[in-house]
Amino acid sequence: MRLSACVYALLALAACAPEPDLTPVRFTDVTAACGLDFRMHSGGRVKNYIIEAKGGGGAFLDYDGDGWLDIYLVNGSRLEGYPDLATAPTNALYRNMGDGTFEDYTRTAGVGDAGWGMGCTAADYDQDGDLDLYVTNYGPNVLYRNEGNGQFRDVGQAAGVDLAGWSTGASFGDYDQDGDPDLYVAQYLQFAPERVPPRGGMWKGVLVFAGPLGLPGAQDVLYRNEGNGQFRDVTRQAKAGQFAPTYGLSALFCDYDNDGDPDLYVANDSAPNFLYRNEGNSQFRDVGVEAGAALSAEGGAQAGMGIAYGDYDGDGDGDLLVTHFEDDYNTLYGNQGNGRFAVVSAATGLAEPSLPHLSFGTFFFDYDNDQDQDLFVANGHVYPQIRHLAPDGYAEPNQLFANQGPASAYRFAEVAARDVSRPAVSRGAAKGDYDNDGDVDVLVFNLDGPPQLLRNDGGNQRNWLSLRLVGGGLGAKVAIASGGVEQTTEIVSGGSFLAHSDGRVHFGLGFNQAADWIEIRWPSGRVQRLEDVAANQFLTVEEPGR
């Protein structure tokens, strides 16, 4: 076993001591101050077609392995002249300089794709020790292989994953447990502007774009990693395809039933969600309806947008939250530990606050390091024509919910946070400690505007630990105990909405000065246990026996 402490943390935090009164945690918008001068473009000001209202993804990822999170931003395009890639907006990569600023390294790294971008996810698909990047598009997708020298190379076509059509959420996971990450790509619908009338529907008395209902859905694709740099479409073979394709927006590999192999969850717009249980024989079975994770509490299909996955109630099982359209609630599926879920949105206080909003990106995170999972939700409407219907009719405030812990049966309370609540047309969202100060920051991707980098100020008043797993960490489950509280998390790729978050595992420790123990269950089946680990440090843990 090899355990090394990375000394890029602010180790002075180790002296943090309990205080009776803490300063309220604030999130400060530092986008401009950090040098993020990017602006996302998606269609025209008035959205005549559904393609113009989607997109808005990106990632927190450490592409150069220097211990600082970099930022990848996915751009859209315009219908006029599309696909003239010579004049189209491009994606952008901003390198974290380690001093609170970012610099544009897009051209240097070779990742300025000019397709009509939707989102992205990251994983070390070729197992060479660095993160590769997969970008989903309306049009051919892109796989950027990390060359390990600060540059990437587009190998999507050579690898067989340059899927055309309209791809949305994607996730890497080793579903067949052969040691290399496979790839699932959700697709939304079959779309061509010349076949769809502009402004073809009515909503609350307003003429808006048509879709998705009434337009043909698109088939998602599961790619098996062959281990030789290539992937193979095994959608039908693995029973991950549908005879009647629906409108997939987000996808996530996650071991919801704790049986040691990755299952697959897909959020579908206006259709039941898929929960593909891994049968352990390289095949899946959709158990979404029977497991209680496909529909609302009332048994209706909802407008599945984004996915949050985490153990909000501290029972060791991964719970799922799916975001939805205005006038419908975001659905929290509480994992019952027996292969089934229960809708607990109302019981946890999340139903009513979500009703006025159209929600997209979302994730669980412990923003105040108090040893429970809080929740972030990014909001923004899809119809610019409704600006006059309400003060926040199109641009909407995002939401931060604080977990009230076991004393309240893990209810959530919305937290007033000025920069979080500033209205925007938000889509994806990602989490990560970009400044390495021991609390988790937030990155929001906005339609037709700049992103928001929200720096967490004050979350590190309590203690914390962050782990980076080396060698087969994707899909690993990490449990930690400190001061009588146990927490569990799973390392996943993708999720939220068209977004990818920091691959490091962050735990809040409250005022405890150490973790009593940490247990890592690697995808290989190995179990590694660390005892009495001091708080307030970043650790790199290598899988034993590799």
Side-chain angles (χ1 to χ4, degrees), residues 6 8-10 27 30 34 36 57-74 93-98 100 102 119-124 130-134 146 171-173 181 252-254 306-310 361-369 373-376 378 428-445 451-456 459-460 464-470 473-478 480 487 489-508 520 536-541:
C6 296
Y8 55 79
L10 299 181
F27 284 89
V30 296
C34 285
L36 296 175
F60 265 136
L61 76 165
D62 181 9
Y63 83 95
D64 53 1
D66 64 354
W68 297 90
L69 288 179
D70 311 298
I71 290 174
Y72 191 71
L73 301 168
V74 177
L93 175 66
Y94 286 86
R95 184 171 182 261
N96 191 329
M97 306 309 292
F102 292 81
C120 63
T121 190
D124 182 10
D130 46 38
L131 279 178
D132 309 295
L133 182 64
Y134 188 72
N146 194 327
S171 181
F172 284 100
L252 188 69
F253 279 107
C254 58
I307 301 171
Y309 177 67
T362 183
F363 50 76
F364 291 107
F365 72 137
D366 188 0
Y367 82 91
D368 52 3
N369 286 338
Q373 293 293 295
D374 311 299
L375 180 69
F376 182 87
K431 60 182 176 180
D433 185 2
Y434 86 91
D435 51 2
N436 286 340
D437 67 348
D439 48 33
V440 182
D441 311 296
V442 173
L443 180 62
V444 185
F445 312 101
Q452 286 175 286
L453 179 58
L454 301 172
R455 186 184 67 205
N456 186 327
N460 56 12
W464 53 275
L465 267 174
S466 182
L467 280 72
R468 182 175 73 93
L469 303 191
V470 176
L474 181 62
K477 292 204 172 187
V478 184
I480 188 171
Q487 303 173 67
T489 193
E490 182 177 346
I491 299 177
V492 297
S493 160
S496 184
F497 177 78
L498 308 178
H500 180 83
S501 291
D502 184 1
R504 297 176 297 190
V505 179
H506 180 96
F507 291 104
I520 303 168
N536 303 320
Q537 59 175 318
F538 291 87
L539 301 177
T540 296
V541 184

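Here the structure is a predicted model, which means the values were calculated and not measured. Positions are given from 1, in the same order as the sequence printed here.
Between the side chain of N96 and the main chain of Y434, a donor-acceptor pair closer than 3.5 Å is present. For the pair Q487 (side chain) and G508 (backbone), a donor-acceptor distance under 3.5 Å is present. Not a single donor-acceptor pair under 3.5 Å links the side chain of T362 to the backbone N or O of I307.
R455 contributes atom CZ, which lies 14.5 Å from atom CG of L443 (distance to the nearest 0.5 angstrom). Rounding to the nearest 0.5 Å places CG of D130 at 10.5 Å from CG of L61. For the atom pair D70 CG and L93 CG, the distance stands at 6.0 Å (nearest 0.5 Å). Note that the SG atom of C120 and the CG atom of L73 stand 8.5 Å from one another [nearest 0.5 Å]. Here OG1 of T489 is found 8.5 Å from OH of Y309. Values are rounded to the nearest 0.5 Å. Atom OG of S466 sits about 11.5 Å away from atom CG of D439, to the nearest 0.5 Å.
F538 is not listed as a side-chain neighbour of R468, based on a closest heavy-atom distance of 4.5 Å or more. Residues S171 and V492 are not in side-chain contact: their nearest non-hydrogen atoms beyond the backbone lie 4.5 Å or more apart. Residues V74 and L498 have side chains not in contact (no heavy-atom distance under 4.5 Å, counting atoms from C-beta outward). Counting only heavy atoms from C-beta outward, the side chains of D441 and L69 never approach each other to under 4.5 Å. Annotation: side chain of L131 is not in contact with side chain of Y63 (no heavy-atom distance under 4.5 Å). F102 places a side-chain heavy atom less than 4.5 Å from the side chain of I71. V478 has its side chain within reach of F507: a pair of non-hydrogen atoms, C-beta onward, lies under 4.5 Å apart.
One finds no salt bridge joining D433 and R504 here, because no Lys/Arg side-chain nitrogen approaches an Asp/Glu carboxylate oxygen to under 4.0 Å. Looking at D66 and R95, a side-chain N of the basic residue comes within less than 4.0 Å of a carboxylate O on the acidic one, giving a salt bridge.
Heavy-atom minimum distance, A378 versus G428: CB-O, 4.5 Å. Residues N146 and D132 share a closest heavy-atom pair of N-OD1, 2.7 Å. The minimum heavy-atom distance linking F172 with S493 is given by the pair N-OG, 3.2 Å. Closest of all the heavy-atom pairs between D437 and N456 is OD2-O, 4.0 Å. Of all the heavy atoms in I520 and V541, the pair that sits closest is CD1-CG1, 3.7 Å. Nearest approach of A499 to F445, heavy atoms of both residues: CB-CE1, 4.0 Å.
Classification of the F376-F365 ring pair by plane angle, with boundaries at 30° and 60°, yields perpendicular.
By the side-chain hydrogen bond (donor to acceptor under 3.5 Å, both in side chains) test, Y367 pairs with no residue at all, sequence neighbours left out. Scanning for ring pair (Phe, Tyr, Trp, His ring centres under 6.0 Å) contacts around Y94 gives an empty result, with sequence neighbours left out.
Each of N536, N369, D366 was scored for a side-chain hydrogen bond (donor to acceptor under 3.5 Å, both in side chains) with W464, with one residue passing: N536.
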